[in-house]
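Below: the structure, in structure tokens.
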Amino acid sequence: MFNNPFDSFHNTVAEAKEEREQLDRLLTVSTPRERRLVAAIALLLVVLGAWFVLGDVGRGLAVDGVLVEPGRNLSAGRRSVQALVRLDPGVAPHIKAGMAAAVELHLADGEAETLDGELSTISAVPLSEGLAALQSVSPLSVYRVEIALDESLALAPRAGGECRIFIELGRQSPISILRLGRS
């Protein structure tokens with residue numbers, strides 16, 4: 001652009017202006033196909049943003065536990081299962097009685113049986129001094145959960161047997177889930 005010392009200043013400025021105008025033309029969206037692509041991307045971003053604020057996502061929790069009292073009778077002919085589980089103390093307040101739950105029992109023959117029900121109670125279990133030292137190493141606390149089963153137990157599981165408990169925490173918007181992660 002400024003390489004020729006004998007060229008006039010006005011010619012040099014005119015060339016520089018022409019180069020800038022050419023760059024402006026290269027950056028414009030000019031064909032209908034490109035306009036449709038930009039509109040589709042904008043629409044996708046608007047829909048994603050709306051879902052992010054107004055949509056909802058199902059949340060659940062799966063924890064391993066140990067059976068304490070399998071097969072206790074409740075009122076109305078229903079049975080329940082009690083287990084000890086380890087939970088993060090920040091998650092425990094979000095778990096309430098009445099939430100849908102399922103228990104996967106590990107039976108003696110190596111089979112697993114899943115029973116649906118709802119959470120009846122959840123309570124923290126006080127730890128002895130020896131176990132309290134373990135809790136200072138791990139941020140998890142021990143809770144006793146009782147699940148009222150929708151169906152009867154086909155086989156009676158033994159106390160001390162392992163189980164896996166699934167609890168449905170409900171539905172939330174994605175933005176509220178992100179807010180929970182920050183706190």
Side-chain angles (χ1 to χ4, degrees), residues 1-65 81 83 85-106 110-122 124 135 137-143 145-151 162-183:
M1 171 160 65
F2 296 107
N3 293 338
N4 188 355
F6 300 110
D7 206 7
S8 76
F9 178 75
H10 294 289
N11 289 342
T12 306
V13 170
E15 282 180 32
K17 183 178 177 186
E18 187 177 312
E19 285 178 12
R20 281 195 304 268
E21 287 175 357
Q22 184 179 13
L23 285 175
D24 289 343
R25 280 192 302 266
L26 292 175
L27 297 176
T28 58
V29 178
S30 57
T31 66
R33 184 175 175 193
E34 291 171 341
R35 288 185 188 134
R36 283 193 301 263
L37 180 63
V38 169
I41 292 171
L43 179 66
L44 179 68
L45 288 174
V46 167
V47 168
L48 186 63
W51 173 80
F52 191 68
V53 174
L54 303 173
D56 62 353
V57 176
R59 292 184 54 214
L61 176 69
V63 292
D64 292 322
V81 173
V85 296
R86 293 178 67 185
L87 294 172
D88 183 353
V91 172
H94 298 289
I95 301 173
K96 306 273 188 253
M99 290 183 160
V103 180
E104 183 180 273
L105 302 171
H106 302 287
E111 297 284 321
E113 183 178 1
T114 302
L115 303 168
D116 294 328
E118 73 177 33
L119 192 67
S120 322
T121 60
I122 180 169
Q135 188 171 356
V137 174
S138 171
L140 302 175
S141 296
V142 178
Y143 289 85
V145 294
E146 182 174 14
I147 298 175
L149 302 173
D150 292 341
E151 56 211 58
E162 293 180 2
C163 65
R164 186 153 179 92
I165 298 174
F166 304 94
I167 302 170
E168 292 181 27
L169 297 175
R171 301 188 75 78
Q172 289 182 317
S173 70
I175 198 163
S176 66
I177 292 173
L178 287 177
R179 273 192 238 133
L180 281 176
R182 276 193 244 150
S183 59

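For clarity, every value in this text was computed on a predicted model and none was experimentally measured.
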To the nearest 0.5 Å, how far apart are [atom1] in [X] and [atom2] in [Y]?
X: Leu149; Y: Leu115; atom1: CG; atom2: CG; result: 5.5 Å
X: Thr114; Y: Phe166; atom1: OG1; atom2: CZ; result: 6.5 Å
X: Leu87; Y: Ile122; atom1: CG; atom2: CD1; result: 5.5 Å
X: Tyr143; Y: Asp88; atom1: OH; atom2: CG; result: 8.5 Å

If the condition is side chain to side chain contact (heavy atoms under 4.5 Å, CB included), which residues does [X] pass it with, not counting sequence neighbours?
X: Arg171; result: Asp56
X: Ala101; result: Ile147, Ile167
X: Ile41; result: Leu37, Leu45
X: Val47; result: Leu43

Would you call Val145 and Val63 a side-chain contact if the rule is heavy atoms closer than 4.5 Å? no

Are Trp51 and Val57 packed together at the side-chain level, in the sense that at least one heavy-atom pair is separated by less than 4.5 angstrom? yes

Only counting residues at least two apart or in another chain, list the ones meeting side-chain hydrogen bond (donor to acceptor under 3.5 Å, both in side chains) with Ser173. Ser176

Partner residues of Asp64 under the side-chain hydrogen bond (donor to acceptor under 3.5 Å, both in side chains) criterion, sequence neighbours left out: Arg164

Residue pairs passing the salt bridge (Lys or Arg N to Asp or Glu O under 4.0 Å) test where at least one lies in residues 37-49, sequence neighbours excluded: none

If you draw a 6.0 Å radius around CD in Glu118, do more than 12 non-hydrogen atoms from other residues or ligands fall strictly inside? yes

Shortest non-hydrogen contact from [X] toward [Y]:
X: Ser120; Y: Ala148; value: OG-N, 3.3 Å
X: Leu169; Y: His94; value: CD2-O, 4.2 Å
X: Pro174; Y: Phe52; value: CD-O, 3.5 Å

